[in-house]
J.: 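Handing you a structure now.
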Amino acid sequence: SINTVPAGALNFSRSVLLVVSAALVFFMQAGFAMVCAGAVRKKNVQNTMLKNLLDACGAVIAYFVVGFAFSFGGMDPESTRTDFIGKENFFLMGVEDYAFWLFQYAFSAASATIVAGALAERCQMAAYLCYSLMLTGWVYPIIVHAIWNANGFLSAMHMEPLFGVGMIDFAGSGVVHVTGGLTALFATAILGPRRGRFHDDSGRKLDTPKPIQGSSVALQMLGTFILWFGWYGFNCGSALLIVNEYTGSTVALAAVNTTMSAGVAGITALFVNLWYLERTTGEPFFDLTYAMNGALSGLVAVTAGCGVIEPWAAVLTGIVAGLIYMVGSRGLIMVRLDDAVDAIPVHLMNGVWGCIAVGLWASPTRISRFFGRAPHPGWFYAIRDGNPGDMRLLGAQLVGLLFIIGWVMSIMVPFFIWLDWKGWFRSDPLEEIVGLDTSYHGGLALLNSHQDSVQPEYITA
Amino acid sequence: SINTVPAGALNFSRSVLLVVSAALVFFMQAGFAMVCAGAVRKKNVQNTMLKNLLDACGAVIAYFVVGFAFSFGGMDPESTRTDFIGKENFFLMGVEDYAFWLFQYAFSAASATIVAGALAERCQMAAYLCYSLMLTGWVYPIIVHAIWNANGFLSAMHMEPLFGVGMIDFAGSGVVHVTGGLTALFATAILGPRRGRFHDDSGRKLDTPKPIQGSSVALQMLGTFILWFGWYGFNCGSALLIVNEYTGSTVALAAVNTTMSAGVAGITALFVNLWYLERTTGEPFFDLTYAMNGALSGLVAVTAGCGVIEPWAAVLTGIVAGLIYMVGSRGLIMVRLDDAVDAIPVHLMNGVWGCIAVGLWASPTRISRFFGRAPHPGWFYAIRDGNPGDMRLLGAQLVGLLFIIGWVMSIMVPFFIWLDWKGWFRSDPLEEIVGLDTSYHGGLALLNSHQDSVQPEYITA
Amino acid sequence: SINTVPAGALNFSRSVLLVVSAALVFFMQAGFAMVCAGAVRKKNVQNTMLKNLLDACGAVIAYFVVGFAFSFGGMDPESTRTDFIGKENFFLMGVEDYAFWLFQYAFSAASATIVAGALAERCQMAAYLCYSLMLTGWVYPIIVHAIWNANGFLSAMHMEPLFGVGMIDFAGSGVVHVTGGLTALFATAILGPRRGRFHDDSGRKLDTPKPIQGSSVALQMLGTFILWFGWYGFNCGSALLIVNEYTGSTVALAAVNTTMSAGVAGITALFVNLWYLERTTGEPFFDLTYAMNGALSGLVAVTAGCGVIEPWAAVLTGIVAGLIYMVGSRGLIMVRLDDAVDAIPVHLMNGVWGCIAVGLWASPTRISRFFGRAPHPGWFYAIRDGNPGDMRLLGAQLVGLLFIIGWVMSIMVPFFIWLDWKGWFRSDPLEEIVGLDTSYHGGLALLNSHQDSVQPEYITA
């Protein structure tokens, strides 16, 4: 089971390799920071990056104090008990498997930092801090408990799992990315768009939304590569959580599927967008954003299934992920939602898609290699085996998604509305115009030391 | 043999560590991207980086569909059979060792992306895409088959190897770097130099070639460090391909040699250049490019021998590598070949040198620890053992190099000439002046939204 | 003992994982380079980064030739012998455990490069090179010998250790960070502050020191994340040096403690500074530098104890580290010491604190799991066990610190004074004004090619 520590050399290797994986997942914070730094305007770079760093630091405290306890405290894989929340292992007390703790911490930090980019350039610091602690300490752990704790009601490792199979979310398309992406969606909707994105200075709706140029495509590309690199820790590390004779091959399968989906999704998004531009504007061009976010979309989508689907299914997952990104990114603009780094199509929409894809293509062989049993496969295999009515896994995936959506919504929407009502959520217009770096991070002091007024060229940069 | 999977804990560790190595090799794409982004002008940064990302994505598809099959399909290490190309394992079908597949994929992507920098700032996108797929799907796999497949005619693992010994290219100075570097050479020669590099605006040859300042030395330095870091995966991961009682020490040997050669070559190139400038111009300075590309040259050169030479030989390899870079970089300018990132002296010239160095210094002890036999050592050891006529290994290395050169030339030269003749290779002069980011990546649309003409200061940046 | 190589699968894993750790430690060079590049002005970016690369390259040579031999040459863990310096294993001769060599090399390079940032923007190249070789080849190895070599007089692995317990510096808060940080302190004191930092152009002392804005916060943040990431190799790799049944859990403990201290210290420094600004100036702001350097301070401080303290002690270590950074950074300015990257409060002060923290909180269980014996625990445990007089470990830690301070001072202070007296240490005022990139790295040639005078806007950048 997920928390059992095997003996001897295997134990040694598994523990160390899990730490290596956790380090890679931690390094994804640098990837998020670079993606965000590249995608926002120069005047907000510091603010956005600080949020990434604070997610990493704050999650340490939140996960140490309550997060891990709520998620995995007192888990008993051999009991048929189902509970909502863990009640032991606060402050790491009684925890034996520290490598597991670290790996889970890194995941919780990733979940929080997904939101940073979407809110960029217009969110108050205090609001961000509150939200970040609440996500890593409360909202996210409950979801982890339901899906990854053997006593969670959705867990595929439960002795008596939902629909006889439980939800399979191998490395967290749902647990991590839908949770983060959904929070980003709610926050963005309530926060409203950045000034000038959809309206002119006098508040009139623009016919064409104004694209906001980021500060550095080079940093965004670097961030994309770092994220892809770190994803090998994210997905393959999850395969280390159950050690048996197949673990080596499950790790390799997860890595291959991760690569497949990312590569295919990047190519799909780039070229379908090229074709679409050609058809609609007659001026096709290679849009880097589509290649970068397409690849990230493929990574998100394959996360749920990387250890239980075959590579051909990873290719299909990637193709659909690239298309979802393309449609989703344009759709957001149509509904006038402003997402500075496209976190919503990348993490939310493709997180949802990833969970569904498992319901379609999870291979019975791969499932049983990891979980030790495979009561119900993906729908494709059920049909192949003459069992087209066996949609139990797909059903469990959908129930799981509904649970995540319902839970996040029930906590986060009231919270953000309350923040907004108190005036603690959105920055003042002047702060936003001048830039959050100047407003919150001492730029004003710096400017003051040289002259009395803010330089106009600084503001527009 | 290279493809045999050992059992139990060792299998687990080997599989996972190979995935870790593959992830490091993949991360080298970020290194190449940063080196390129730093070395080109601001107006071409996006274009160059997109090529790096597309190499990583495109190689997924090419290697999945045909690349791996051509390289390793149906390999039988216990047969004396020799063939030219693999005919099985398309679409990963029948492949058991997924970790091995992933590692080889990452190598093929590296091979392709070596070229990106050399062609920077003047190559059409479509031409680059065609070339990249052809390299990873056809040209490179055939070379891998000949040298790394136990049924390849040059393979040191062949039951009846060439000259009784076969070519030893431990991690690919020849297979990866000569292949990529040679392609860069042919492409650069046919594409011609960037505007203004060797000629003035009216086409008159300049007395002194005009240096073209890159956009950011910081990114170039970052890229250099990322490449060096990733190289530990590249070279040490190759030591994991044959698992026996010495694997742990071969991995460590490869790591130490990699470090030695890189450090020594960086120092050599920096200081010899300093001394040379002092002698010729009287104005010596520490040229960062020499330190960075010197270190990379040392890495390339030691790649062929890292697991089979002693550290003292790695030091010698590095010294020569630093000198080769220095002479090669100046030589390129003398023959008026324009290589924006010096990929040709780094990867081609030092790739060739690395293969020759193995013929000189491969240690019989180290060879037999890895391959399980050492019929003929490097020439130095043959001489030491009173056998100065035994130049069989050196001979095999030279034949291997000739094969690589002949094969790449026979495919790539006609291909590039055809592309050029069709007008699909080189960007229009105006596209080049304005910058490829504006020409191919939507910059024009962006400029249009603000004013009707391209800003002059943007063009010169 | 530290140098004994275990057999079979464990040996394989341990060797490869040590190489992985060494690669991570090596990658910290990129982190230092980015932190420095971000913290200095644009006109000195190249100069600072070259020093980081040269530390990595130069340490190869210094450690290959003499460094390792002085540190570990001829170590015999089963002898009661104590010596000052190793006299074997020059040029890697007779060394069997190459992975251990590589890991130690990476540490020596880290030790040297800590200094680069503190001296930035005003130190001559030649002086830096001399100092770097002397540190990695002579000063640092002697300290390693005393503390980490089983025959060193401070070693906890000595058969008859100091005070019956020896100094415990698990991964080098003292050995690496105090050594580097102290050198930075002496160098900074003798070199003097950058022009304009504490005095105006006519040399009059400024009432308020003038902050010098770095070139890029994004690069500094990237560097911080890379350092944190690499620190998992630094601290966890050290746990691999003694392989026994607990190694897996010691690695995980080290990783968890590392994370704890970093996160808590970053939060502490950021928010206490916020609170302090609010109290003193009434204009509180979130200062990124405090979050970044706070986290690094936590990493430095936990390095000595990461494998022998419990997570709650790591939290306390981190809180104090954050406070020390805050006070130390302000203190430096009060005494008019100019440290461009705050290396002194981060590495020196928190290195000292880390060694003391071990004396307070080292757990007897954890010590005996790593060292196989735990004659005297941290003072907290001694008190708990009714033994408040047992301050032997704390005493050994203090003696160790005094040794490091005395040794570094006795070599480095005369050396820097001599360099300064010869006029080889500090750059000419004009070189400093124009920027070291132009002065030492060919910028002048570049400028000359365009115009006859240095552009004023370049100088102020």
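No experiment lies behind these values; they were computed from the predicted model shown. Chain identifiers are assigned alphabetically (A, B, ...) following the order of the sequence lines, protein sequences preceding nucleic acid strands; residue numbering begins at 1 within each chain.
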J.: Donor-acceptor pairs under 3.5 angstrom involving side-chain atoms of residues 254-271 of chain A: please list them, not counting sequence neighbours.
T.:
{"unit_1": "A:Asn257", "atom_1": "ND2", "unit_2": "A:Cys306", "atom_2": "O", "d": "2.8"}
{"unit_1": "A:Asn257", "atom_1": "ND2", "unit_2": "A:Ile309", "atom_2": "O", "d": "2.8"}
{"unit_1": "A:Thr258", "atom_1": "OG1", "unit_2": "A:Asn235", "atom_2": "ND2", "d": "2.9"}
{"unit_1": "A:Thr258", "atom_1": "OG1", "unit_2": "A:Ala254", "atom_2": "O", "d": "2.5"}
{"unit_1": "A:Thr259", "atom_1": "OG1", "unit_2": "A:Tyr232", "atom_2": "OH", "d": "2.8"}
{"unit_1": "A:Thr259", "atom_1": "OG1", "unit_2": "A:Ala255", "atom_2": "O", "d": "2.7"}
{"unit_1": "A:Ser261", "atom_1": "OG", "unit_2": "A:Gly298", "atom_2": "O", "d": "2.8"}
{"unit_1": "A:Thr268", "atom_1": "OG1", "unit_2": "A:Val264", "atom_2": "O", "d": "2.7"}

J.: Please, which pairs that meet ring pair (Phe, Tyr, Trp, His ring centres under 6.0 Å) have at least one residue in residues 233-265 of chain A, sequence neighbours excluded?
T.: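 Residue pairs passing ring pair (Phe, Tyr, Trp, His ring centres under 6.0 Å), neighbours aside: A:Phe107-A:Phe234, A:His177-A:Phe234, A:Trp231-A:Phe234.
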
J.: Taking non-hydrogen atoms and a cut-off under 4.5 angstrom, which of residues 26-36 of chain B neighbour chain A?
T.: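 At a heavy-atom separation under 4.5 Å, chain A is reached by B:Phe26, B:Phe27, B:Gln29, B:Ala30, B:Ala33, B:Met34.
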
J.: If I measure from the heavy atoms of chain B, does A:Ile226 come under 4.5 Å with its side chain, its backbone, both, or neither?
T.: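 Both backbone and side chain.
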
J.: Counting only heavy atoms closer than 4.5 Å, note whether B:Leu50 contacts chain A via side chain, backbone, both or neither.
T.: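 Both the backbone and the side chain of B:Leu50 come within 4.5 Å of chain A.
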
J.: Between A:Leu17 and chain B, which part of the residue has a heavy atom less than 4.5 Å away: side chain, backbone, both or neither?
T.: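 Contact with chain B involves the side chain of A:Leu17 alone.
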
J.: With a 4.5 Å cut-off on side-chain heavy atoms, are A:Leu222 and B:Leu219 touching?
T.: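 A side-chain contact is absent here, since even the closest heavy-atom pair is not under 4.5 Å.
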
J.: Indicate the atoms forming the closest heavy-atom contact of A:Ala252 with B:Ser15, along with that distance.
T.: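 It is CB-OG, 4.0 Å.
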
J.: Nearest 0.5 Å, please: how far is OH in B:Tyr440 from CZ in A:Phe285?
T.: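 Reported to 0.5 Å precision, the distance equals 14.5 Å.
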
J.: Under 3.5 Å, side chain of B:His441 to main-chain N/O of A:Asp287, donor-acceptor pair present?
T.: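 Flag not set: sc B:His441 to bb A:Asp287 has no pair under 3.5 Å.
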
J.: Do A:Trp228 and B:Leu53 make a side-chain contact, defined as non-hydrogen atoms from C-beta onward lying under 4.5 Å apart?
T.: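 Yes, their side chains come closer than 4.5 Å.
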
J.: Which one, B:Phe64, B:Tyr63, B:Phe91, leads in non-hydrogen pairs under 4.5 Å with chain A?
T.: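 The option with the most such pairs is B:Phe64.
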
J.: Could you tell me which portion of B:Leu129 (side chain, backbone, both or neither) has an atom closer than 4.5 angstrom to a non-hydrogen atom of chain A?
T.: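 Contact with chain A involves the side chain of B:Leu129 alone.
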
J.: Is there a side-chain contact between B:Phe12 and A:Ser13 in this structure, where contact means two heavy atoms from C-beta onward sitting under 4.5 Å apart?
T.: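 Yes, side chains in contact.
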
J.: Quick one: side chains of residues 310-318 of chain A, donor-acceptor pairs under 3.5 Å with protein atoms, not counting sequence neighbours, listed by atom name and distance.
T.:
{"unit_1": "A:Glu310", "atom_1": "OE1", "unit_2": "A:Arg366", "atom_2": "NH2", "d": "3.3"}
{"unit_1": "A:Glu310", "atom_1": "OE2", "unit_2": "A:Arg366", "atom_2": "NE", "d": "3.0"}
{"unit_1": "A:Thr317", "atom_1": "OG1", "unit_2": "A:Ala313", "atom_2": "O", "d": "2.7"}

J.: Measure distances from B:Val45 to the heavy atoms of chain A and classify the residue's part below 4.5 Å as side chain, backbone, both or neither.
T.: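 Contact with chain A: side chain only.
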
J.: Between A:Phe229 and B:Leu24, is a side chain to side chain contact (heavy atoms under 4.5 Å, CB included) present by the stated rule, with each step listed?
T.: CA-CA 8 Å; A:Phe229 173 56; B:Leu24 283 171; 4.0 Å; yes

